[in-house]
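The block underneath contains the structure these notes are about, expressed in structure tokens.
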Amino acid sequence: MCEPYSKEKTIEMRKKHIGPSCKVFFSKDPIKIVCAKGQYMFDERGERYLDCINNVAHVGHSHPEVTKAAVRQMELLNTNSRFLHDNLVQYAESLTATFPEKLSVCYFVNSGSEANDLALRLARQYSGHYDVITLDHAYHGHVTSLIDISPYKFQQLGKEAKKEYVHVAPSPDTYRGKYREDHPDPGAAYADDVNEIIKEAHKNNRKIAAFIAESMQSCGGQIIPPPGYFQKVAEYVHKAGGVFIADEVQVGFGRVGKHFWSFQLQGEDFVPDIVTMGKPIGNGHPLSCVVTTREIAEAFGATGLEYFNTFGGNPVSCAIGLAVLDVIKKEDLQGNAINVGNYLVELLQEQKEKHQMIGDIRGVGLFVGVDLVKDRLLRTPATAEAQHIIYKLKEKRILLSADGPHRNVLKFKPPMCFTKEDAKMVVDAIDELLTAIEGATGTKTSMINEQATNKRKVSFNHADLLHCALIQHTLNNIKFTIIETFL
């Protein structure tokens, strides 16, 4: 494919003109992507990569219906929401129809960060309080107000970085957390920790404006909250005069399959007060939204301070948003998330039976995490191995990321058009890589599948095997530095 610059020139110009804190995937050998379609991305040489990480291109890269909607509206008009336009109200009506009845008022913005920042403003104005409870390892956005409530980020700056108005609750992780799968009611136990935080805040004359959480933690390691957790937390937060903010920026719009919104996994008796969304909402177009109750919206408006967003809710963005909703329904992408997601988990469970390095598989629909461990009993994170695997997958033209507090959780969050064939290809590649690592490091696979393992021939060169051996030696003897491959 003909590009203005060679890959080397692009890297050189990026280093010269783009801020050094703006990182790229696979920094040792970044990929230059020039086009994409469906669940595939193509580099400047025409090489095709299977995209398992891009939850932004929700209905598939370059979807023709989304593109047509954008072009049609752009040829007619694009302006701000101070003028009347049917796209705005039509989209608001269609979007709120996917929510429980009380969530009926929209504020359109341009990114997940803008949405979460506005959600904090709504919560603080409505409650009259300021403090925020967030989850450990949470990430909610890049603006200052959100870095302050994102332990995933501010903990990198040292203990002094946590603000006094921010309270960090344990992540409701039933695999690595303080209350695990053998606890009789981990949801209630984790919620009680939130209640204790509220009590401690009150002792210090502080008042809680909001509890904010991703409906399923993504950067935190694909964490699925245990049943009843959100209900109990909401009860405690409401009693303290605060509101519950559900961050659906990464996990909304039918990704879990059985529901349109991930918070609905908790049951019909749980409805948040504010929901934020972004990433998949515009299939790559900068669009996001905050949906809340009439009561909270009216409290926000009672200040007399106008809320205006130059590009939020413009006709082009709303046309794109409507097209995304239409494609999700027409192509039954929720059904696909169930079918392909279940198949993916089945394949991964088979690998868990075979490979001792797979400690846990968790997820719903097309949001799945594979927790890699050095020791199943101790659940020691296999960080270096996870990093090795994603780099080797990249060489096989498969794009997968690793995240979580220890960067050891392989993350599946592909476009929703992901197929069973795609799932099989990725899992087969992971099987091959795990087999090679275990062979190089002396880790034994499960007896059930030893015959299958012996039949599989894996092509690895001497450098690969040496690298695997070095991983084992490093992890046994020294603390290693985690390579931050993905944001």
Side-chain angles (χ1 to χ4, degrees), residues 56 66 69-70 72-99 102-130 132 140-150 209-210 212 242-249 252-253 272-325:
V56 176
V66 177
R72 278 197 302 266
Q73 184 56 52
M74 198 171 286
E75 288 177 339
L76 291 174
L77 169 73
N78 200 23
T79 187
N80 66 64
S81 60
R82 281 192 171 125
F83 296 98
L84 292 176
H85 197 280
D86 288 349
N87 282 9
L88 176 66
V89 293
Q90 185 181 357
Y91 184 41
E93 181 180 52
S94 297
L95 188 61
T96 54
T98 66
F99 284 99
K102 80 168 191 175
L103 294 168
S104 60
V105 181
C106 298
Y107 294 89
F108 290 106
V109 287
N110 307 289
S111 71
S113 291
E114 274 193 73
N116 281 329
D117 180 74
L118 178 57
L120 291 182
R121 288 182 60 189
L122 291 168
R124 284 166 172 159
Q125 177 60 36
Y126 174 75
S127 66
H129 304 163
Y130 197 80
V132 177
H140 294 290
H142 65 81
V143 300
T144 300
S145 66
L146 303 176
I147 293 294
D148 287 348
I149 64 166
S150 297
I212 184 170
V243 302
F244 192 111
I245 302 171
D247 180 342
E248 292 267 343
V249 170
F253 291 88
D273 304 295
I274 301 172
V275 178
T276 60
M277 60 210 83
K279 294 189 188 298
I281 188 173
N283 208 54
H285 180 80
L287 169 64
S288 62
C289 184
V290 179
V291 171
T292 190
T293 66
R294 173 62 57 186
E295 185 180 10
I296 291 175
E298 288 180 351
F300 188 58
T303 63
L305 184 67
E306 177 191 9
Y307 179 77
F308 173 66
N309 188 303
T310 303
F311 299 107
N314 68 72
V316 171
S317 293
C318 290
I320 290 170
L322 281 164
V324 170
L325 291 179

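All of these numbers come straight from a predicted model, not from anything done at the bench.
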If I compare all heavy atoms of [X] with all of [Y], which pair ends up nearest, and what's the gap?
X      : Y      : answer
Asn110 : Asn309 : ND2-OD1, 3.0 Å
Leu95  : Cys289 : CD2-SG, 3.9 Å
Ser145 : Asp148 : O-CB, 3.6 Å
Pro315 : Asn87  : O-ND2, 3.0 Å
Ile149 : Ile212 : CD1-CG2, 4.0 Å
Val132 : Arg124 : CG2-NH2, 3.5 Å

Partners passing salt bridge (charged side-chain N to carboxylate O under 4.0 Å, His left out) against Glu306 (at least two apart in sequence or in another chain): Arg82

Any side chain to side chain donor-acceptor pair (under 3.5 Å) pairs touching residues 287-300, not counting sequence neighbours? Tyr126-Glu295

Quick one, [X] and [Y] - any side-chain contact, counting heavy atoms below 4.5 Å?
X      : Y      : result
Ile245 : Leu120 : yes
Ser94  : Leu322 : yes
Thr276 : His140 : no
Phe300 : Val105 : no
Phe253 : Asn283 : no

Could you state the interatomic distance from [atom1] ([X]) to [atom2] ([Y]), rounded to the nearest 0.5 Å?
X      : Y      : atom1 : atom2 : answer
Gln125 : Ile296 : CD    : CD1   : 11.5 Å
Leu103 : Asp273 : CG    : CG    : 8.0 Å
Ile281 : Glu248 : CD1   : CD    : 11.5 Å
Thr79  : His85  : OG1   : NE2   : 9.0 Å

Do any N or O atoms from the side chain of [X] and from the backbone of [Y] form a donor-acceptor pair under 3.5 angstrom?
X      : Y      : result
Asn116 : Gly141 : no
Ser317 : Gly313 : no
His285 : Leu287 : no
Asn78  : Val316 : yes

With salt bridge (Lys or Arg N to Asp or Glu O under 4.0 Å) as the rule and sequence neighbours excluded, what pairs involving residues 103-123 come up? none

Derivation of the side-chain contact (heavy atoms from CB on, under 4.5 Å) call for Gln73 and Ile320: CA-CA 9 Å; Gln73 184 56 52; Ile320 290 170; over 6 Å; no

Within a radius of less than 6.0 Å around CG of Leu76, do more than 12 heavy atoms belonging to other residues, nucleotides or ligands occur? yes

Do other residues, nucleotides or ligands put more than 12 heavy atoms under 6.0 Å from Phe99 CZ? yes

Evaluate the side-chain contact (heavy atoms from CB on, under 4.5 Å) criterion for residues Tyr107 and Leu122: first the C-alpha distance (whole Å), next the side-chain angles of each, then the deciding distance (0.1 Å), finally the verdict. CA-CA 11 Å; Tyr107 294 89; Leu122 291 168; 4.1 Å; yes

